[in-house]
Amino acid sequence: QVQLVESGGGSVQAGGSLRLSCAASGRTFSSYIASWFRQAPGKEREFVAGISRSGSSTDYADSVQGRFTISRDNAKNTVYLQMNSLHPADTAVYYCAAHRFGIVRHSSRPYDSWGQGTQVTVSF
């Protein structure tokens with residue numbers, strides 16, 4: 001497992017942008033698949049975006065496709081989530097997650113490393 005720490009959350013008006021960061025401990029982060037999930041109050045945790053070990057392959061939930069961009073810098077052990085054109089439906093706690101086996105998964109079950117979460121609030 002790796003230790004994950006998210007940052008960059010906050011409050012923004014609809015149409016605005018935020019960039020989340022996820023810093024990982026350890027020297028083997030490049031061997032991990034990394035993803036972002038989110039959980040809104042009263043809702044299940046849902047997949048947002050995922051990225052392969054090298055960063056060459058990405059995957060997005062339909063609800064954020066074209067608005068969000070996931071990237072990683074393995075030299076810095078960091079994964080990013082650039083969020084543009086935000087709207088109130090994006091309000092949630094955003095979690096960074098990682099696992100070492102297979103590919104990006106939309107299910108949370110394969111992920112064995114989780115951050116503490118960062119709050120994103122979008123208002124009209």
Side-chain angles (χ1 to χ4, degrees):
Q1 293 183 351
V2 290
Q3 303 299 313
L4 303 173
V5 179
E6 302 98 334
S7 62
S11 296
V12 65
Q13 288 190 325
S17 299
L18 284 173
R19 188 175 85 153
L20 306 183
S21 298
C22 172
S25 64
R27 294 174 291 178
T28 61
F29 185 60
S30 59
S31 65
Y32 284 77
I33 298 291
S35 293
W36 288 93
F37 288 78
R38 67 186 181 186
Q39 189 167 18
K43 294 187 176 181
E44 297 287 323
R45 189 170 297 189
E46 64 175 357
F47 172 84
V48 175
I51 191 165
S52 62
R53 295 172 182 81
S54 67
S56 62
S57 177
T58 58
D59 189 17
Y60 297 93
D62 289 344
S63 59
V64 306
Q65 181 76 48
R67 299 188 299 123
F68 291 10
T69 303
I70 188 171
S71 60
R72 69 189 297 164
D73 184 341
N74 285 334
K76 296 182 178 180
N77 281 1
T78 302
V79 177
Y80 304 97
L81 185 68
Q82 178 65 44
M83 305 185 295
N84 298 329
S85 301
L86 285 162
H87 51 69
D90 296 314
T91 295
V93 177
Y94 284 71
Y95 296 91
C96 180
H99 72 85
R100 294 182 64 182
F101 305 103
I103 60 174
V104 172
R105 302 292 185 184
H106 288 213
S107 168
S108 62
R109 293 184 64 183
Y111 296 85
D112 56 4
S113 298
W114 291 85
Q116 82 288 351
T118 186
Q119 177 71 46
V120 171
T121 303
V122 185
S123 60
F124 286 110

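Numbers here simply count residues along the sequence, with the first being 1. Source: prediction; values computed, not measured.
Between Ser21 and Trp36, the shortest heavy-atom distance links the atoms O-CH2, 3.7 Å. Counting all heavy atoms, side chain and backbone alike, Ile51 lies closest to Ile33 at O-CG2, 3.7 Å. Closest of all the heavy-atom pairs between Leu86 and Arg67 is CA-NH1, 3.9 Å. Taking all atoms of both residues into account, the shortest heavy-atom contact from Thr78 to Lys76 is OG1-O, 2.8 Å. Counting all heavy atoms, side chain and backbone alike, Ser25 lies closest to Asn77 at C-ND2, 4.4 Å. Across Ser35 and Gly50, no two heavy atoms sit closer than the pair OG-CA, 3.3 Å.
Side-chain N or O atoms of Gln119 include none that pairs as donor or acceptor with a backbone N or O of Gly9 at under 3.5 Å. Glu6 contributes a side-chain N or O that, together with a main-chain N or O of Gly117, makes up a donor-acceptor pair within less than 3.5 Å. Counting only distance, with no hydrogens or angles, the side chain of Gln39 and the backbone of Ala92 share no donor-acceptor pair below 3.5 Å. A donor-acceptor pair under 3.5 Å is formed between the side chain of His99 and the backbone N or O of Ile103. The closest donor-acceptor contact from the side chain of Arg53 to the backbone of Ser31 lies under 3.5 Å.
If you chain together hydrophobic residues whose side chains sit under 4.5 Å apart, Val2 and Tyr111 never meet in one group. Hydrophobic clustering (ILVMFWY, side-chain heavy atoms < 4.5 Å, transitive): Val12 and Val93 are in distinct clusters. Under the 4.5 Å side-chain heavy-atom criterion for ILVMFWY residues, a single connected hydrophobic cluster contains both Val122 and Val48.
Within the model, atoms CG of Asn84 and OG1 of Thr69 stand 6.5 Å from one another, a figure rounded to the nearest 0.5 Å. In this structure, Cys22 SG and Arg72 CZ are separated by 9.5 Å, a value rounded to the nearest 0.5 Å. Considering OG1 of Thr121 and CG of Asp90, their distance stands at 11.0 Å, rounded to 0.5 Å. Going from atom CD of Gln82 over to atom CD1 of Ile70 covers 12.0 Å, rounded to the nearest 0.5 Å.
Classification of the Phe47-Phe37 ring pair by plane angle, with boundaries at 30° and 60°, yields perpendicular. The aromatic rings of Tyr94 and Phe68 sit tilted relative to each other, their planes meeting at an angle between 30° and 60°.
Inter-residue side-chain proximity for Tyr95 and Leu4 is flagged as unmet; no heavy-atom pair is nearer than 4.5 Å. Side chains of Val104 and Ser57 form no contact here, defined as non-hydrogen atoms less than 4.5 Å apart. Counting heavy atoms from C-beta outward, Leu81 and Met83 have side chains that approach closer than 4.5 Å.
No side-chain N or O of Tyr32 forms a donor-acceptor pair with one of Ser113 less than 3.5 Å apart.
Heavy-atom contacts from other residues, nucleotides or ligands closer than 6.0 Å to CD of Glu44 number 12 or fewer. The number of heavy atoms from other shown groups lying within 6.0 Å of CD (Glu46) is above 12. Residue-environment remark: CD (Gln13) stays at or below the threshold of 12 foreign heavy atoms within 6.0 Å.
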**Request:** Show your reasoning for whether side-chain contact (heavy atoms from CB on, under 4.5 Å) applies to Val120 and Leu20.
**Result:** CA-CA 9 Å; Val120 171; Leu20 306 183; 4.1 Å; yes
